[in-house]
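Take a look at the structure below.
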Amino acid sequence: MSVRSLLTLGLAALPAVLGSPLEARAAAAKTTTVTASASTVTVTASASTVTVTASGSACGSITSAPSSSHTTSTSVNTNPTTTETATQTIGFNKAAKSLSPKRYFGTAADIPGTGENQDPYYMAELNNTKDFGQLTPANIMKWYATEPEQGVFNYTGGNDFLALAEANGQIVRCHNLVWYNQLPYWLTNPTTNWTAATLTAVMENHITNLIEYWGDRCYAWDVVNEALNDDGSWRETIFYEVIGPSYFDIAYKTAQAAVKAKGLKVKLYYNDYNIEYPGNKSTAAQNLVKGLQSQKIKIDGVGLQSHFIIGETPSQATQESNMAAFTGLGVDVAVTELDVRSPNLPPTAAQETQQKADYQSTVGACANTQRCVGVTVWDFDDTYSWIPSTFPGQGYGDLFFQPGGPDTPLVKKVAADGVIAGWESGT
Ligand code: XIL
């Protein structure tokens, strides 16, 4: 792929960032009645109405007014007709903390500045530290947001995100420093003639500035995100095209220098997808780690994104042996962006059951891997998931959904029991 087409890619990502949560809110439910209890809940849905009835005693009822006919992938008719809901109440993070060594369970959140932080039901769950002990900003620390003009940094959104997490005592994985996507236009503008020297200086400045500014408020930084193609070759990003493969080592060297200059503890990660199972890409990622290590450049961990599809998730044994290949190099691993989407909507009852098994196998693999430090889901509520806009026709990938749409109660899917079972299976 040419540099020019890559540049367009970076730009094209922006409308998706800005648009989807607003659309989700615009897609507020049609007539919706929700009655819930602590025990088994059955959800029935049709294209225009949703009714949730409880088998036990009712404890709440919410009716939302009909809204516009505008529909998106979050509209109610993509929900399953019958949903078995979760029964486990211990909490995802509490279960993670009970292992030895302790792990965390966390979530990405696309705030501030999107619909999520205006949804009281979403926010109540995000602030529920029994479930979430760690947060990742889904967008607000990316390059387009943090350095919108060359050399002019905007920390406001990142600071707000950190403040929210810190108020809850949740740790933050900061995401990310160098990625080919969601770059500011000043960087991707095809008329700018970057040289290896000028782009290296820009990259070094970006990395140094953010690591030093946020310091140990970040538990970890994803220094480089998605440097590889699926066959294990270098992805032809602007950094690769202009600087060459050495951009990778330079990025980590720069990060290491910032950590040293400020005496920080922040962990430096490489993060990618399709490296959750053995294969060319996982091997290539291991070689990246070895390459840094052979030059005595700091790398503390590898993030396994884990964007899976129901029924196509690698087995727990496969994920464990893959994790072992990384931890055997002396680095931590973390599951950084877990979701398990349905390839069709609505999902079938069998797919919902399989989704539970799939969540369990990834969390179970982490539980059985001493140096797997934790699991992060890439948001926990289908209403705000990135999946429908990225994979049209697919969805239902998260642990909760809102049968009534935004601003209505969350329903915890049976998949959530898979998370608890996964932690509890840890040896
Ligand atoms: C996604 C966000 O969730 C979306 O809101 C945005 O439009 C595109 O990026 N891998 C990553 C994440 O490392 O940064 C991506 O996040 C999802 C895939």
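Order of appearance sets the numbers: ligands from 1, and atoms from 1 within every ligand.
- The N/O atoms of Trp386, backbone and side chain alike, include none that comes under 3.5 Å of an N/O atom in ligand 1.
- Both tests do not hold together for Lys97 against Phe132: distance to the six-membered ring centre under 6.0 Å, angle to the ring axis within 45°.
- Every residue meeting the side chain to side chain contact (heavy atoms under 4.5 Å, CB included) condition with Ser321, not counting sequence neighbours, appears here in chain and number order: Pro278.
- The aromatic ring centres of Tyr155 and Trp214 sit less than 6.0 Å apart.
- Nearest to atom 1 (C) of ligand 1 by heavy atom, out of Lys142, Gln305, His307, is Lys142.
- Those atoms of ligand 1 that come under 4.0 Å of a heavy atom in Asn225, given as number and element, are 11 (C), 13 (O).
- Set against the non-hydrogen atoms of His175, the atoms of ligand 1 under 4.0 Å away are 11 (C), 12 (C), 13 (O), 14 (O).
- Taking the six-membered ring wherever Trp is involved, the centroid distance between the rings of Tyr384 and Tyr122 falls below 6.0 Å.
- Legend: residues meeting side-chain hydrogen bond (donor to acceptor under 3.5 Å, both in side chains) with Asn280, ordered by chain and number and at least two apart, are absent.
- In summary, the atoms of ligand 1 found under 4.0 Å from a heavy atom of Glu337, numbered by their order in the structure, are 10 (N), 11 (C), 12 (C), 13 (O), 17 (C), 18 (C).
- For the ligand labelled ligand 1, residue Tyr273 lies outside the 4.0 Å heavy-atom shell.
- For Gln182, a nitrogen or oxygen atom sits less than 3.5 Å from a nitrogen or oxygen atom of ligand 1, counting backbone and side chain alike.
- Within the 4.0 Å heavy-atom criterion, the part of Asn139 lying near ligand 1 is the side chain and not the backbone.
- For Tyr213 and Phe153, the ring centers sit 6.0 Å or farther from each other.
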